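Here is the structure we will look at.
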Amino acid sequence: MVHALQEIRDLLKPDGFLIDIRPNGELVEFIRPLGSGEMLIGHLQETDDYIEYRQAEAAVQEVVADGIFRIKKADEFIFQIHADSFAELKSFLDKSWSDSLITEEVIAEARRLDDAHDVGKVILREQVYIKLLLPVF
């Protein structure tokens, strides 16, 4: 990853910049809105235990330490995917997020909530980093 960041720097115009946007590596939450509140259904797991996010962060820190880029601005935001049902969200994740795993416990809790409160909307929520990186020439 460090090599890729070095190559990107070489491709940028002098006034160019790189925007780094990626999940922060914390567990992704399945949330069920209920009335005026919400309930945690459980967490999304990944086959690689979110390792690529830690590797990406380490690579960014390395190129900053080496003086290849400098961080001009950094922040976090919440990214959410809304679905009309847990089944709909699961179908989307099965097709689109190849390394995602939904445990049987999470599926059972989603079914329990559907039975108790009728089938309802569900949210997938994750924290995301965003950084503005300026090349150092």
Side-chain angles (χ1 to χ4, degrees):
M1 288 185 194
V2 170
H3 178 72
L5 291 169
Q6 291 168 333
E7 291 293 318
I8 289 168
R9 195 241 359 225
D10 293 342
L11 294 172
L12 290 173
K13 293 181 180 181
D15 61 345
F17 53 88
L18 172 64
I19 298 175
D20 174 25
I21 302 174
R22 66 190 142 71
N24 71 359
E26 293 178 13
L27 291 175
V28 177
E29 301 174 328
F30 289 104
I31 303 292
R32 174 74 189 273
L34 292 172
S36 61
E38 56 187 33
M39 179 172 243
L40 176 67
I41 298 171
H43 295 96
L44 180 73
Q45 305 295 317
E46 285 197 2
T47 57
D48 60 6
D49 197 29
Y50 300 97
I51 192 168
E52 69 271 24
Y53 308 132
R54 292 187 299 276
Q55 291 170 333
E57 179 61 24
V60 168
Q61 292 306 318
E62 186 173 331
V63 296
V64 168
D66 290 346
I68 296 168
F69 279 96
R70 70 178 177 87
I71 299 172
K72 179 169 180 159
K73 188 172 184 178
D75 209 344
E76 286 188 55
F77 63 92
I78 295 172
F79 178 78
Q80 298 186 137
I81 298 173
H82 294 255
D84 289 329
S85 70
F86 187 83
E88 178 183 76
L89 181 56
K90 184 179 181 317
S91 176
F92 167 77
L93 293 172
D94 289 346
K95 292 176 189 168
S96 304
W97 291 23
S98 60
D99 60 349
S100 68
L101 295 170
I102 304 172
T103 65
E104 290 301 319
E105 293 83 9
V106 170
I107 293 169
E109 179 64 5
R111 287 185 182 137
R112 186 189 72 73
L113 288 170
D114 284 350
D115 291 345
H117 304 281
D118 296 323
V119 173
K121 297 187 182 299
V122 66
I123 301 167
L124 187 71
R125 180 180 295 156
E126 67 181 322
Q127 285 288 125
V128 176
Y129 286 134
I130 184 167
K131 293 179 183 174
L132 178 62
L133 302 169
L134 299 179
V136 177
F137 293 101

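Sequential numbering from 1 along the given sequence is applied to the chain's residues. Quantities reported herein were computed from a predicted structural model and do not represent experimental measurements.
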Check G16 against P135 and note the closest heavy-atom contact, atom names and distance. O-CD, 3.2 Å

Would you mind listing every side chain to side chain donor-acceptor pair (under 3.5 Å) that reaches into residues 49-59, with sequence neighbours excluded? R22-E57, E46-Y53, E57-Q61, E57-K131

Starting at CE of M1, measure out to CG of L5 and round the result to the nearest 0.5 Å. 9.0 Å

Residue pairs meeting ring-ring contact (aromatic ring centres under 6.0 Å, His included), one or both in residues 1-24, sequence neighbours left out, come to none

Are L18 and I71 in one and the same hydrophobic cluster, where Ile, Leu, Val, Met, Phe, Trp and Tyr link if side-chain heavy atoms are under 4.5 Å apart? yes

Shared-cluster residues of I51, by chain and number - hydrophobic side chains joined below 4.5 Å: none

Following the transitive rule for hydrophobic clusters with a side-chain heavy-atom cut-off under 4.5 Å over Ile, Leu, Val, Met, Phe, Trp and Tyr, establish whether I81 and L27 coincide in one cluster. yes

All salt bridge (Lys or Arg N to Asp or Glu O under 4.0 Å) counterparts of E88, not counting sequence neighbours: none

What's the separation between atom CD1 in I78 and atom CD in E29, rounded to the nearest 0.5 Å? 8.5 Å

Sequence neighbours left out, cut at 3.5 Å: what donor-acceptor pairs do the side chains of residues 117-130 make with other protein atoms?
| residue | atom | partner | partner atom | Å |
| --- | --- | --- | --- | --- |
| K121 | NZ | D84 | OD1 | 2.7 |
| R125 | NE | Q80 | OE1 | 2.6 |
| R125 | NH1 | E38 | OE2 | 2.8 |
| R125 | NH2 | E38 | OE1 | 3.1 |
| R125 | NH2 | E38 | OE2 | 3.4 |
| R125 | NH2 | Q80 | OE1 | 3.0 |
| Q127 | NE2 | E76 | OE1 | 3.0 |

Is there a chain of hydrophobic side chains (I, L, V, M, F, W, Y, each step under 4.5 Å between heavy atoms) that links L34 to F86? yes

With rounding to the nearest 0.5 Å, note down the distance linking CG in D114 to CD1 in I41. 7.5 Å

Without swapping roles, check the side chain of D66 against the backbone of I68 for a donor-acceptor pair under 3.5 Å. no

Could you pull out all residues at least two apart from S100 that satisfy side chain to side chain contact (heavy atoms under 4.5 Å, CB included)? L44, L93, W97

Measure the CZ-CG distance between F30 and L113 for me, rounded to the nearest 0.5 Å. 13.0 Å

Residues passing the side-chain hydrogen bond (donor to acceptor under 3.5 Å, both in side chains) test with R9, sequence neighbours excluded, are none

Cluster check I107, F92: I/L/V/M/F/W/Y, side chain < 4.5 angstrom: yes

Rounded to the nearest 0.5 angstrom, the NZ-CD1 distance for K73 and I19 is 11.0 Å

With F69 via ring-ring contact (aromatic ring centres under 6.0 Å, His included) - residues at least two apart: none

Evaluate side chain to side chain contact (heavy atoms under 4.5 Å, CB included) for I21 paired with F79, printing each intermediate quantity in order. CA-CA 11 Å; I21 302 174; F79 178 78; over 6 Å; no

Pairs satisfying salt bridge (Lys or Arg N to Asp or Glu O under 4.0 Å), at least one member in residues 92-113, at least two apart: K90-D94, E109-R112

Sequence neighbours left out, what passes side chain to side chain contact (heavy atoms under 4.5 Å, CB included) with K72? Give chain and number order. R70, L132, L134

